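All remarks here apply to the structure that follows.
Numbered from 1 within each chain, the chains take letters A, B, ... in sequence-line order. Just so it is clear, the structure is predicted and the values come from calculations on it, not from any experiment.
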Protein chains: 2
Amino acid sequence: MKTITIKDIAKECGVGVSTVSRAINNHPDISDETKERIMKVIRENNFTPNSTARNLKFTQTKTIAVLIKGIENPFFQKMLKVFEEEIQNKKYTFLLHRVDSNQDELEVALQLIKERKLKGIIFLGGCFSHDEKRLKQITVPFVLSTISIFDGVDKNIYSSVSVDDIKESKKAVDCLCDYGHEKIAILAAQPWDTSISGLRIEGYKRALAERNIPINKNLIRYTLEEVNAFTMENGYKLMKELLESEEEFTAVYAVSDSMVIGAGKAILESGKKIPEDYSIMGFDGLDISYYYNPSISTIRQPVEDMAKETSEILFNLIENNAYNSHKIFEGELLVRQSIARLNK
Amino acid sequence: MKTITIKDIAKECGVGVSTVSRAINNHPDISDETKERIMKVIRENNFTPNSTARNLKFTQTKTIAVLIKGIENPFFQKMLKVFEEEIQNKKYTFLLHRVDSNQDELEVALQLIKERKLKGIIFLGGCFSHDEKRLKQITVPFVLSTISIFDGVDKNIYSSVSVDDIKESKKAVDCLCDYGHEKIAILAAQPWDTSISGLRIEGYKRALAERNIPINKNLIRYTLEEVNAFTMENGYKLMKELLESEEEFTAVYAVSDSMVIGAGKAILESGKKIPEDYSIMGFDGLDISYYYNPSISTIRQPVEDMAKETSEILFNLIENNAYNSHKIFEGELLVRQSIARLNK
DNA sequence: TTGTATGCGTTATCAA
DNA sequence: TTGATAACGCATACAA
């Protein structure tokens, strides 16, 4: 089956190729009559312009890449859905690209920009700690979504959408403290993760510091190297170790809902109860945190809104030449069954 | 910043463009010496060939599309990850395309094939009930993954990877029956879903029939139109209705783990216990089914293997011109805490 | 082994 | 309002 081209259409209509092109692209310089005639033939022949050739002309392709680290993280799922929708709606091509946890997302991005002539990039997940110089290499608009970045980097060279991880994290720990807990364990990612995990630990520390609760290093449980941190499995393992360590604690806070669900399993398996023996608190606000038994207290991030904002900012950057902007969303503390007041 | 092309490299090396092209593509007709020289310049200039132009030459692009209905279904997540990996490994481009539940996936596929000159397609999810004629319109290799299709369609025109939904479903219900349950409710998708949901209902019916347990239509709970069937939320709603209907039952089987988790929530909220008051059983074998409390009995589908097989079949079709093939995987019944023996 | 010229399917420029 | 023609960046047949 020979693929049908714009030339064939032109021949069939007895017009030049440029006229056909004009018809397709709604150019003004064409009479309604010929346009109608051409469109009819196009429909009849079921012709679709070859987007590859198109893109070659445009030098820039209308594609937006989502670079995602930790594609298995359910937290990203809803966001992905929104991105896909928005990008499809805008008639752009959606390019999903997974980047390995040990890969440098900037390298990948640079490569992709050149190879695919991207219009924009959304970075999702990963520990984003690149300096200004490297960030500047990225020549197309990009948005860091739900990624916090260090201060010290010029805010004008990138856009971001996130929650204030330190603040929200402090909220979570504050809540536990308000319930009377002082010996609070925290399940975190690797020590070198200064992004999400690091910031949330910082929030944890600040909450405790504010109440003059000394920080017990043994209660800060880091994930081992090479392990996928934000998973139920990892939460389960970390919790198991903690329980076996015989370090005393009354509450567990994990830097993600997935982790805390794993942790919950470990607790229940050990014969202890939630929240009677241990209170648990997560972060993210996945649907499952509500459906879990007991339902899990957490900080809900407004993912859909955040994803929408992300693509909005990106399209503003791309189409309206807007300035880089930063949107911080408010998290919502959801107090549910998983925490109990501590009677001393 | 002018984008650098193969021409620039050629000029810089003092050779012709074709020589550069040969160097890039590992052609035999080139001396190692010049090749080295060219590659060096390429590295220095940080040059990447424009894949758009490349694709235009090839007429066919090396891209594989994954058409997915119900992208929010966590069941697909692990598969997506595998696909993305495999496709990236094979140096193909991975094109993820969501299709709305009311969209016709074949239409979308046809469109995409022409527009993007696809090499192959993976269909994921959705109710696949197209007839032979329409299936034949798809001119590139494709694999239906975890989608069951009617008999009556010529097996030679498509490939598929799945479990035997009827058989596995029967396994699940058999298990409940073995535990003494007879009044077993089933939470299903819409009545018109003759694919996954329909087949699993069939398995349910066969299990009951084999034991001469009459089928109570009131215990078959269908999802309302327009609702996303395979979600926790939907399972929750369906279960709530069932509980309020005062229809008697002792066990609930849902056609997906997500649904059964929602159902579990509804049960617990009503003050009943699992498995003391109601036994519950899911399907899919999501990680969460293990971590849930109580852990949920389910039929585990070997998703990773299935995804790998899917891409293997597809690449065989594409690269080795293999015949269409069909792989049926065995599900694994996981009996966990969520079911109890019924003492009459 | 290398270089030149042509074409892939479009869009854009220019002249008609 | 149209049509011929030159790009876009690359690969390749063919000539050298």
Just the rounded figure in Å: distance from P of C/dT2 to CG of B/D32.
10 Å
By nearest nucleotide on DNA chain C, pick out whichever of A/V17 and B/K35 is the more 5' one.
B/K35
So which one's nearest nucleotide on DNA chain C is more toward 5', B/K117 or B/V15?
B/V15
What's B/V20 touching, base or sugar-phosphate or nothing? Going by heavy atoms closer than 4.0 Å.
nothing
In whole angstrom, what separates B/H27's NE2 from D/dT12's P?
5 Å
Rounded to whole Å, please give me the gap between NZ in A/K11 and C1' in D/dT2.
19 Å
With a 4.0 Å cutoff (strictly under), does any side-chain N or O of A/T19 reach OP1 or OP2 of D/dG3?
yes
Would you call B/K40-B/E12 a salt bridge at under 4.0 Å N-O?
no
Angle class for the B/F142/B/F123 ring planes (parallel below 30°, perpendicular above 60°, tilted otherwise)?
perpendicular
A/N55/B/N55 under side-chain contact (heavy atoms from CB on, under 4.5 Å): CA gap, chis, key distance, verdict
CA-CA 10 Å; A/N55 290 336; B/N55 290 335; over 6 Å; no
Assign A/S31 to base, sugar-phosphate, or nothing according to its heavy-atom contacts below 4.0 angstrom with the strands shown.
sugar-phosphate
Tell me, which of residues 38-54 of chain B have any heavy atom that sits under 4.0 Å from an atom in DNA chain D?
B/F47, B/P49, B/N50, B/A53, B/R54
Quick one: A/I6 CD1 to C/dT10 P, roughly how many Å, whole number?
5 Å
Let me know the distance between CZ of A/R22 and C1' of C/dT10, rounded to the nearest Å.
13 Å
Cationic N near anionic O, under 4.0 Å, B/E304 to B/K308
no
Sequence neighbours excluded, every pair satisfying salt bridge (charged side-chain N to carboxylate O under 4.0 Å, His left out) that has a member inside residues 79-88 of chain B
A/E72-B/K81, A/R98-B/E84
Between C1' of D/dT12 and CG of B/L56, the distance in whole Å
14 Å
Atom-pair distance (CZ on B/R116; P on C/dG9), nearest Å
17 Å
Is the shortest side-chain heavy-atom distance between A/I6 and A/I24 below 4.5 Å?
yes
The test is side-chain contact (heavy atoms from CB on, under 4.5 Å); show your working for B/N50 and B/T5 and say whether it passes.
CA-CA 8 Å; B/N50 178 326; B/T5 76; over 6 Å; no
Quick one: label B/N25 by what it contacts on the DNA or RNA (base, sugar-phosphate, nothing), any heavy atom closer than 4.0 Å.
sugar-phosphate
Got a donor-acceptor pair under 3.5 Å from the side chain of B/S18 to the base of C/dT4?
yes
Which whole-number value in Å describes the distance from A/K57 NZ to C/dG7 P?
17 Å
State whether the distance check finds a donor on one side and an acceptor on the other, under 3.5 Å, for side chain A/S21 versus base C/dA12.
no
